[in-house]
Amino acid sequence: MDQLDPPFDPKDFRRALGMFATGVTIVTACAEDGTPVGITANSFNSVSLEPPMVLWSLANNARSLPVFSATKHWNVHILSNEQEALSNRFARTGEDKFAGLALDKSVNSAPLLPGCSARFQCRTAFQYEGGDHTIFVGEVVQYDSCALPPLLYVTGGYALAARKAGPVSTEPLANMDGASYSENLLGYLFGRAHFQFVHGLRDTLQQRQLSDTDFFVLSLLSVRQPLASAEIAAHIAYTGVDLGAGALQSMVRRGLLLEQAGTETGLRLSPAGSDAILHVLAAAKAVEADLVNRMGELESAALRNLLKQAILATDPGLPKLWQSAAAPHQA
Ligand SMILES: Cc1cc2nc3c(=O)[nH]c(=O)nc-3n(C[C@H](O)[C@H](O)[C@H](O)COP(=O)(O)O)c2cc1C
């Protein structure tokens, strides 16, 4: 076999291979004495449709190699994006990887893990030497799959899949020396996506005679209440809305909020305020369900992930709304 020019750097080779995005699988089998084994593997690939065949490769220094070499039966689990912890668990050598795990019934002796995007129950067809790995080719005896978005692995880290979007139907304006406004500007995309989403709530907001500020305050209090006026203002300031003294008082006068006196002074939702926000949130859920339906589960999960990254990267230091600090404030 021809050698690569020295010096060959295995780390650099691995980094180059990492440019190839893969899914993440766990492959399981059972030793003759009944001990289950399993490893995280991204070397999985499809081989043949008829007969249905798949392959994966196992490092020759893996503890589980003797078991996989001896048995004819193994199961490949394509992990879902919610199974990152499971992937990490099965990537560690030595520990009892199956402790506390519920298993499904499999057609063979190998453990079958639930909650995966797809599963292939296999029988070894061929086994080859492949350098410092052993390649297993298996015939698929049984398989199942569901709509859970799969976990991906690329450039040495976990990732989520999203199909590439077609262009939004806008054209960049004529170039104004680097100041042109284009459909690829994140600011434009954020803004347009936000307003198009909120557009789906307009009718409900108008029917209830709620302004955007009313909506914001009501939804804030639906998560956490009571809140003092200053706290509400602190939560809302980043939207650019200056609440002033009048806006909250107007909501009290319109019967949407109640002023609570006593040790915990603050504002809370009135029954009418609760009812109004319930209806608006129901409309928001319907818009969201429609969006997820149009975009697909895969893209929706990837979008949530990217929006969270963007929110973290631009967080001006907002008070934490959903964290345990909320507990003492709750009614
Ligand atoms: C994302 C990812 C992919 C992996 N892919 C493989 C693989 O394809 N083959 C392999 O032998 N090890 C792979 N590993 C490493 C094994 O999961 C790890 O060495 C495992 O603990 C071996 O288990 P064992 O020594 O208990 O048999 C991968 C690890 C990760 C995190």
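Counting convention: from 1, in listed order, for ligands and their atoms alike. Start at 1 with the first residue, then count along the sequence. No hydrogens, no waters, no symmetry mates; every other heavy atom, side chains included, goes into these values.
Looking only at distances, no side-chain donor or acceptor of S48 sits under 3.5 Å from a matching main-chain atom of M53. Between the D275 side chain and the A272 main chain, no donor and acceptor come within less than 3.5 Å of each other. Listed for the R89 side chain is a donor-acceptor partner under 3.5 Å among the backbone atoms of K97. The backbone N or O of A41 lies less than 3.5 Å from a partner atom in the side chain of T25, making a donor-acceptor pair. In this structure, S270 contributes its side chain and G255 its backbone to a donor-acceptor pair below 3.5 Å. Counting only distance, with no hydrogens or angles, the side chain of Q206 and the backbone of D203 share no donor-acceptor pair below 3.5 Å. Checking side-chain atoms of Q249 against main-chain N and O of G246 turns up no donor-acceptor pair under 3.5 Å.
Every atom of ligand 1 with a heavy atom of R63 under 4.0 Å away is listed here by number and element: 24 (P), 25 (O), 26 (O), 27 (O). Remark: ligand 1 atoms within the under-4.0 Å shell around heavy atoms of Y153 are 1 (C). Heavy-atom contacts of F90 reach the following atoms of ligand 1: 17 (O), 20 (C), 21 (O) (cutoff under 4.0 Å). Here is the list of ligand 1 atoms found below 4.0 Å of a heavy atom in L58: 11 (O). Residue-ligand proximity, R92 to ligand 1, at heavy-atom distances under 4.0 Å covers atoms 21 (O).
For ligand 1, the polar-atom distance check against S43 finds a nitrogen or oxygen pair separated by under 3.5 Å. Considering backbone and side-chain N/O of L65, none are found under 3.5 Å from N/O of ligand 1. Not a single N or O atom of N61, backbone or side chain, sits closer than 3.5 Å to an N or O atom of ligand 1. On a distance-only criterion, S87 and ligand 1 share no N/O pair closer than 3.5 Å.
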### Message
If you apply the rule ring pair (Phe, Tyr, Trp, His ring centres under 6.0 Å), what do you find for F90 with F98, and how did you get there?
### Response
CA-CA 9 Å; F90 279 81; F98 291 86; 5.1 Å; yes
### Query
How far apart are the C-alpha atoms of N75 and Y143, what are their side-chain angles, what is the distance that settles it, and do they pass the side-chain hydrogen bond (donor to acceptor under 3.5 Å, both in side chains) test?
CA-CA 9 Å; N75 293 336; Y143 76 92; over 6 Å; no
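In this structure, the protein non-hydrogen atom closest to atom 15 (C) of ligand 1 is T40 O, 3.9 Å. Nearest non-hydrogen protein atom to atom 5 (N) of ligand 1 is N42 N, 3.0 Å. Nearest protein heavy-atom neighbour of atom 22 (C) of ligand 1: I39 CG2, 3.7 Å. Nearest protein neighbour of atom 27 (O) of ligand 1, counting heavy atoms only, is S64 OG, 2.5 Å. Nearest protein heavy-atom contact of atom 11 (O) of ligand 1 is A59 N, 2.7 Å. The nearest heavy-atom contact from the protein to atom 25 (O) of ligand 1 is T93 OG1, 2.5 Å. From the protein, the heavy atom lying nearest to atom 31 (C) of ligand 1 is A91 CB, 3.7 Å.
By the criterion of side-chain heavy atoms lying less than 4.5 angstrom apart, applied directly or through intervening Ile, Leu, Val, Met, Phe, Trp or Tyr residues, Y238 is grouped together with V217 in one hydrophobic cluster.
The part of S57 lying near ligand 1 is the backbone, judged by heavy-atom distances below 4.0 Å. If you look at K97 next to ligand 1, the close heavy atoms, those under 4.0 Å, all belong to the side chain.
When the shell of 6.0 Å around CZ of F126 is examined, it contains 12 or fewer heavy atoms from other residues, nucleotides or ligands.
When the heavy atoms of G156, A41, A62 are ranked by distance to atom 7 (C) of ligand 1, first place goes to A41.
Residue contacts with ligand 1 do not include W56, since none of its heavy atoms lies under 4.0 Å from the ligand. Every heavy atom of F44 sits 4.0 Å or more from the atoms of ligand 1.
T124 and W74 are linked by a side-chain donor-acceptor pair at a separation below 3.5 angstrom, with hydrogens and angles left out of the test.
Of the listed residues (Y128, F120, F44, F68), just one forms a ring-ring contact (aromatic ring centres under 6.0 Å, His included) with W56, and that residue is F68.
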